[in-house]
Amino acid sequence: MAATLTLEEVFQDKIDNEIRIEPKDWMPEAYRQTLIRQISQHAHSEIIGMLPEGNWITRAPSLKRKAILLAKVQDEAGHGLYLYAAAETLGISRDEMYDQLHSGKAKYSSIFNYPTLTWADIGAVGWLVDGAAIMNQVPLCRNSYGPYARAMVRVCKEESFHQRQGFESLLVLSKGSPAQKRMLQEAINRWWWPSVMMFGPSDDASPHSAQSMKWKIKRFSNDELRQKFVDICAEQVKILGCTLPDPDLKWNEATGHYDFGEINWKEFWEVVSGNGPCNKQRLDARRNAWDEGQWVRDAASAHAAKRKQRMATSAA
Ligand code: BYC
C-alpha cells in the first residue's frame, strides 16, 4: 500500500509537476509569507515607480509624448492594484500592505530612488528600467502561485510596450542636435548601474533565492537574469550611437557573454536601506497622498454604509 503523503509532500509534488498553487490550496506558511513579501514589494514598486515619471508629465516635449507618458504611468497604477489584489488572496489586507510601505517596513525597488533630471531620463527609464523589469518578470509568468503568474502575463504585455516606447524616444534623441545627444548619453550614464543593480544581490549574497527556486517562485537566479540584461543592452546601445558607462564591458568569446565591471554593492544597500538620493521624497509623496485621500475613503465608506442600510430597509 502506498504511504500517505504529508501536506508538505503533496504541495511540493504539485510544484515539481508544474501544477499551480491556488489561494484555497494548502501551502506552507513560509511559502505564503515569501509570496506576500515579494508580491507586495512588487506592487509598491509599481506605485512608487509612478513618481519619477509622473514628474515629467507636465513637461513632456510634445502632445504625443505626453499622451504616451500619461498612459504608461496609468498602466503602472493598474499593475500595482492588480498585484495588491493578488497579494490579498494570501490573507493580507491592502491596508496592512499600505501601512508597511508608509512605515518604511516594506521594501520597494531600489531603482525608483533615483531622480529623473532631464527628458532623456524618461526614455532611459523605459528602455533600461522596464527592460530590466521585463527580463525579471517574463519568468515570473511561470511562477508557481496562480494569481501572481496570471497578473504577470498582463503586466509583461504592457511593459513590453513601455520598453519599446522608451527606446524609440531615445532613438529620436540620438538623431537630434549635439545637445540632445549629450543629454541622451548622460541619462544612460545615470541609469545604467542602478538598472544593473535592480536584479538584486549577487547569487552568493541572496538569502531567498535557493528556497524560491525550489518553490518555483524564481526560475532564474538574480545573476543569470542580470547577465541576460547586460548582453542585450550592450548590443542595443550601439544602435543609439552611445556607450554604456563601464570600461570593463567586453565581449567574451569563451563564455558567449559580455563581461562587465564590478557592481557598487555599497551603493545598492545604502539605497535599499533608505539612504538613496530620493528615498525620503518618494515615501513622503506616498504618505501625503494617503493622508490627503482620507476624505475620499471616508466618503466612500459613508456612502457604502447608507446604501447597505437602504437595501436592508427595502428588503424588510
Ligand atoms: N530593491 O534574496 P534576494 C516596474 C531585497 S516595477 C530593493 O535576492 P528575492 C516599473 C529583497 O527584497 C517592477 N530591495 O530576494 C514600475 C530582500 O530583502 P528582504 C519591480 C531589493 O526576493 C514603474 C533582499 O534584498 N519588480 O517594473 O529572492 C516604472 C535580498 O534579496 C532589491 C519586482 O518587484 C531591489 N532591487 O529576490 C517602470 C519583481 N533586490 O525582503 C517599471 C519581483 C533585492 O529579505 N521581485 N532586494 O528584506 C523579484 O523578482 C524578487 O523579489 C527580487 C529579489 C529579484 C527583486
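Just so you know, these numbers come straight off a predicted model, no measurement behind them. Atoms within each ligand, like the ligands themselves, are counted from 1 in listed order.
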Q: Would you tell me whether Thr89 and Tyr145 have side-chain atoms, one donor and one acceptor, within less than 3.5 Å of each other?
A: yes
Q.
Which label fits Tyr98 and His102: parallel for a plane angle under 30°, tilted from 30 to 60°, or perpendicular past 60°?
A. parallel
Q) Do any nitrogen or oxygen atoms of Tyr148 lie less than 3.5 angstrom from nitrogen or oxygen atoms of ligand 1? A) no
Q) Is any heavy atom of the protein nearer than 4.0 Å to atom 38 (C) of ligand 1? A) yes
Q | atom 54 (C) of ligand 1 - nearest protein heavy atom and its distance | A | Lys218 NZ, 4.2 Å
Q) Counting only heavy atoms, which portion of His42 has something under 4.0 Å from ligand 1: side chain, backbone, both, or neither? A) both
Q. Any chance CD of Glu18 has more than 12 other-residue heavy atoms, nucleotides or ligands included, within less than 6.0 Å?
A. yes
Q.
Contact between ligand 1 and Phe220 is defined here as a heavy atom of the residue under 4.0 Å from a ligand atom; is it met?
A. no
Q. Looking at atom 7 (C) of ligand 1, what's its closest protein heavy atom, distance included?
A. Tyr108 O, 3.4 Å
Q.
Nearest non-hydrogen contact with atom 45 (O) of ligand 1 belongs to which option: Lys105, His208, Gln38, Glu158?
A. His208
Q. Can you find a heavy atom in the side chain of His44 that is under 4.5 Å from one in the side chain of Met97?
A. yes
Q | Minimum-distance pair of heavy atoms, taken over all atoms of Gly104 and Leu283 | A | CA-CD1, 4.4 Å
Q: Around atom 12 (O) of ligand 1, find the nearest protein heavy atom and jot down its residue, atom name and distance.
A: Gln41 OE1, 2.7 Å
Q) Which protein non-hydrogen atom lies closest to atom 42 (C) of ligand 1, naming both residue and atom, and how far is it? A) Asp130 OD1, 3.6 Å
Q: For ligand 1, find out whether one of its N or O atoms is nearer than 3.5 Å to an N or O atom of Lys107.
A: yes
Q | Option nearest atom 30 (C) of ligand 1 (shortest heavy-atom distance, choices Ser202, Ala210, Ser206, Pro207) | A | Pro207
Q: Say whether Glu53, considering both its backbone and side-chain N or O atoms, lies within less than 3.5 Å of an N or O atom on ligand 1.
A: no
Q | Salt bridge flag under 4.0 Å for residues Lys266 and Glu270 | A | no
**Q.** Trp269: numbered ligand 1 atoms lying under 4.0 Å from its heavy atoms
**A.** 25 (O)
**Q.** 4.5 Å side-chain heavy-atom contact, Lys72 and Glu53
**A.** yes
Q: Report the part of Phe199 in contact with ligand 1, treating N, CA, C, O as backbone and CB onward as side chain, heavy atoms under 4.0 Å; options are side chain, backbone, both, neither.
A: backbone
**Q.** Side-chain ion pair, Glu22 and Arg150, N-O less than 4.0 Å
**A.** yes
**Q.** Protein heavy atom at shortest distance from atom 10 (C) of ligand 1
**A.** Phe112 CZ, 3.5 Å
Q: Run down the list Ser45, Pro139, Ala133 and name the one with the heavy atom closest to atom 20 (C) of ligand 1.
A: Ser45
**Q.** Sub-4.5 Å side-chain heavy-atom contact between Trp127 and Cys233
**A.** yes
Q. Are His79 and ligand 1 in contact, using a heavy-atom cut-off of under 4.0 Å?
A. no
Q | Residue selection (non-hydrogen contact nearest atom 13 (C) of ligand 1) among Gln137, Met213, His44 | A | Gln137
Q: Would you mind listing which atoms of ligand 1 come within a distance below 4.0 Å of any non-hydrogen atom of Val272?
A: 7 (C), 14 (N)
Q) Quick one: nearest non-hydrogen protein atom to atom 44 (C) of ligand 1, plus distance? A) Pro201 CD, 3.6 Å
Q: Mind checking whether Ile111 contacts ligand 1 via backbone (N, CA, C, O), side chain (CB onward), both or neither, at a 4.0 Å heavy-atom cut-off?
A: neither
Q) Do ligand 1 and Val125 have nitrogen or oxygen atoms that lie under 3.5 Å from each other? A) no
Q: Show which atoms of ligand 1 fall inside a sub-4.0 Å distance from at least one heavy-atom site of Gly200.
A: 40 (N), 44 (C)
Q) Given His42 and Tyr108, is the ring-ring contact (aromatic ring centres under 6.0 Å, His included) satisfied, shown in steps? A) CA-CA 7 Å; His42 195 160; Tyr108 58 87; over 10 Å; no
Q | For Arg37, the ligand 1 atoms whose distance to one of its heavy atoms is below 4.0 Å | A | 12 (O), 22 (O), 41 (O)
Q: Check whether any N or O atom of Ser110, backbone or side chain, sits under 3.5 Å from an N or O atom of ligand 1, and answer yes or no.
A: yes
(Q) For Met50, state whether at least one heavy atom is located under 4.0 Å from any atom of ligand 1. (A) no
Q) Do any heavy atoms of His162 fall under 4.0 Å from ligand 1? A) no
Q. Minimum heavy-atom separation for Leu69 to Trp119, with atom names?
A. CD2-CZ3, 4.0 Å
Q.
Could you tell me if the side chain of Asp25 sits less than 4.5 Å from the side chain of Phe11, heavy atoms only?
A. no
Q.
Between Gln165 and Ile122, is there a side-chain heavy-atom distance shorter than 4.5 Å?
A. no
Q: Look at atom 4 (C) of ligand 1 and find which of Glu159, Glu76, Met198, Met152 reaches it with the closest heavy atom.
A: Glu159
Q: Find out whether the Lys NZ or Arg CZ of Lys228 is both under 6.0 angstrom from the six-membered ring centre of Phe220 and within 45° of the ring's axis.
A: yes
Q. What is the nearest protein non-hydrogen atom to atom 55 (C) of ligand 1, stated with its residue, atom name and distance?
A. Asn136 ND2, 3.6 Å
Q) Between Asn222 and ligand 1, which part of the residue brings a heavy atom under 4.0 Å of the ligand: side chain, backbone, both or neither? A) side chain
Q) Should the proximity of Phe268 to ligand 1, defined as any heavy atom under 4.0 Å, be assigned to the side chain, the backbone, both, or neither? A) side chain
Q: Report the hydrophobic cluster partners of Val296, with the cluster defined as I, L, V, M, F, W, Y residues connected by side-chain heavy atoms closer than 4.5 angstrom, directly or transitively.
A: Trp295
Q | Side-chain ion pair, Arg65 and Glu168, N-O less than 4.0 Å | A | yes
Q) Should the pair Arg287-Asp284 be classified as a salt bridge under the 4.0 Å nitrogen-to-oxygen rule? A) yes
Q: On the 0 to 90° scale, with breaks at 30° and 60°, tag the Trp192-Phe229 ring pair as parallel, tilted or perpendicular.
A: parallel
